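Notes follow the structure.
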Amino acid sequence: VIAVFTVDVRTSDSAVVWLADGLPEMINGKLARVSGIDVVSPARVRAVLLRNLLTRQKPLVDSAARDLARRVGATLLARGTLGRDGGKLVFDLTVHDVASGRLLQNPVLSHTDALALADEAAARIVSAANVRSQGPQLATLETSSLEAYQHCMRALEAGQAGRVTELQHHLDAAIQLDSGFITVVRARMGMAMGSNDTITVKRLRETMQRFMQRATEYDRLDQEASD
């Protein structure tokens, strides 16, 4: 059970300040799609912070934050500080075990885009949660590999920025980690078709057939139409 607390912002830049509440909301939205974990509602987190008269102007020490997380039923606590380095957002994320106080993750994440930052933060929190039964089950991505999921997110970011070589690299890396990751297989197949790379198209179509049971109904129908 994960509680994502509000973020402390190290800048007065109005373009960043709104992320004190916005970034946790984005992260919660990503985590809500992962089976095997539950997310404490932002409303409950805000309520317990308000009841204890704690604001972003008075940062919580770790022990006090864990106590509040315990009150809302969380077993893991995610929080951090956010700043800007040039054109990039920099998020110093910590994930603690509420019962023991053990620090499970403390990465410093950097992205130009807040959504990409939330994706990466959510992936690190899932890793800390150590969901081992079948791996993190990401409803719309359908992979059991955290690393493949991370490559997929980086591929999406590269594609949006027009970095084609980087896009292909991350798609290939995701497929190597999880050949049945239908979302990236189809994306890579689309790139191969666009460049008339018939050998890769044939190989990926065979891969699709082997793992078709993992495809969504939409993917199956769309692939049939494409074929």
Side-chain angles (χ1 to χ4, degrees), residues 1-86 88-133 135-138 146 149-150 153:
V1 181
I2 299 172
V4 181
F5 276 20
T6 51
V7 172
D8 295 318
V9 177
R10 296 191 302 253
T11 176
S12 58
D13 185 346
S14 59
V16 177
V17 168
W18 70 275
L19 287 170
D21 294 312
L23 187 61
E25 291 282 359
M26 294 179 199
I27 295 171
N28 280 325
K30 301 293 180 182
L31 294 174
R33 294 158 48 191
V34 183
S35 66
I37 62 176
D38 292 314
V39 181
V40 180
S41 75
R44 279 190 76 191
V45 170
R46 283 193 297 270
V48 76
L49 290 172
L50 288 171
R51 279 201 305 272
N52 287 271
L53 302 177
L54 297 167
T55 69
R56 287 189 293 276
Q57 284 70 44
K58 183 183 178 183
L60 284 168
V61 297
D62 286 342
S63 58
R66 292 201 319 273
D67 180 59
L68 295 182
R70 192 178 297 111
R71 294 186 203 180
V72 295
T75 56
L76 291 181
L77 168 64
R79 55 197 294 250
T81 56
L82 183 69
R84 185 185 283 282
D85 182 11
K88 289 188 174 183
L89 296 166
V90 180
F91 185 37
D92 185 359
L93 171 68
T94 62
V95 184
H96 283 91
D97 178 83
V98 172
S100 67
R102 186 162 63 97
L103 180 64
L104 304 177
Q105 285 269 4
N106 185 204
V108 178
L109 311 176
S110 178
H111 280 285
T112 56
D113 179 72
L115 286 172
L117 193 66
D119 280 325
E120 182 73 10
R124 296 303 185 96
I125 294 169
V126 169
S127 177
N130 197 25
V131 183
R132 294 298 187 200
S133 57
Q137 300 298 302
L138 298 139
L146 176 65
Y149 166 73
Q150 291 171 327
M153 291 299 99

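All values below come from the heavy atoms of this structure, side chains included, with hydrogens, waters and symmetry mates left out. Predicted model, so just to flag it, every value in this text is computed and none were measured.
- When all heavy atoms of Leu76 and Ala129 are compared, the closest pair comes out as CD1-CA, 3.5 Å.
- Leu77 contributes atom CG, which lies 10.0 Å from atom CG of Leu104 (distance to the nearest 0.5 angstrom).
- Listed here is the closest heavy atom pair of Ala122 and Leu31: O-CD2, 3.8 Å.
- The salt bridge (Lys or Arg N to Asp or Glu O under 4.0 Å) test applied to Arg44 returns no partner, not counting sequence neighbours.
- The heavy-atom pair separating Ser127 from Gln105 by the smallest distance is OG-NE2, 3.4 Å.
- With rounding to the nearest 0.5 angstrom, the OG1 atom of Thr112 is 7.0 Å from the NZ atom of Lys88.
- Judged purely by atom type and a 3.5 angstrom limit, Asn28 uses its side chain to pair as donor or acceptor with the backbone of Pro24.
- His111 has its side chain out of reach of Leu89: every pair of non-hydrogen atoms, C-beta onward, lies at least 4.5 Å apart.
- With rounding to the nearest 0.5 Å, the separation of CZ in Arg84 from CG in Leu19 is 9.0 Å.
- Interatomic distance, Ile125 CD1 to Ile27 CD1, rounded to the nearest 0.5 Å: 5.0 Å.
- Annotation: side chain of Glu120 is not in contact with side chain of Leu93 (no heavy-atom distance under 4.5 Å).
- In this structure, Ala114 and Leu23 approach most closely via the heavy-atom pair O-CD1, 4.1 Å.
- Leu82 is listed as a side-chain neighbour of Leu117, based on a closest heavy-atom distance under 4.5 Å.
- In this structure a side-chain-to-backbone donor-acceptor pair under 3.5 Å is missing from Thr94 to Gly80.
- In this structure, Val95 and Ala128 approach most closely via the heavy-atom pair CG1-CB, 3.7 Å.
- You'll find the side chain of Lys30 reaches within 4.5 Å of the side chain of Asp119, heavy atoms only.
- Side-chain contact between Phe5 and Leu68 is present, with heavy atoms from C-beta onward closer than 4.5 Å.
- Taking the side chain to side chain donor-acceptor pair (under 3.5 Å) definition, one finds that Arg66 meets it with nothing, sequence neighbours left out.
- Annotation: salt bridge (Lys or Arg N to Asp or Glu O under 4.0 Å) contacts involving residues 92-113, sequence neighbours excluded, are absent.
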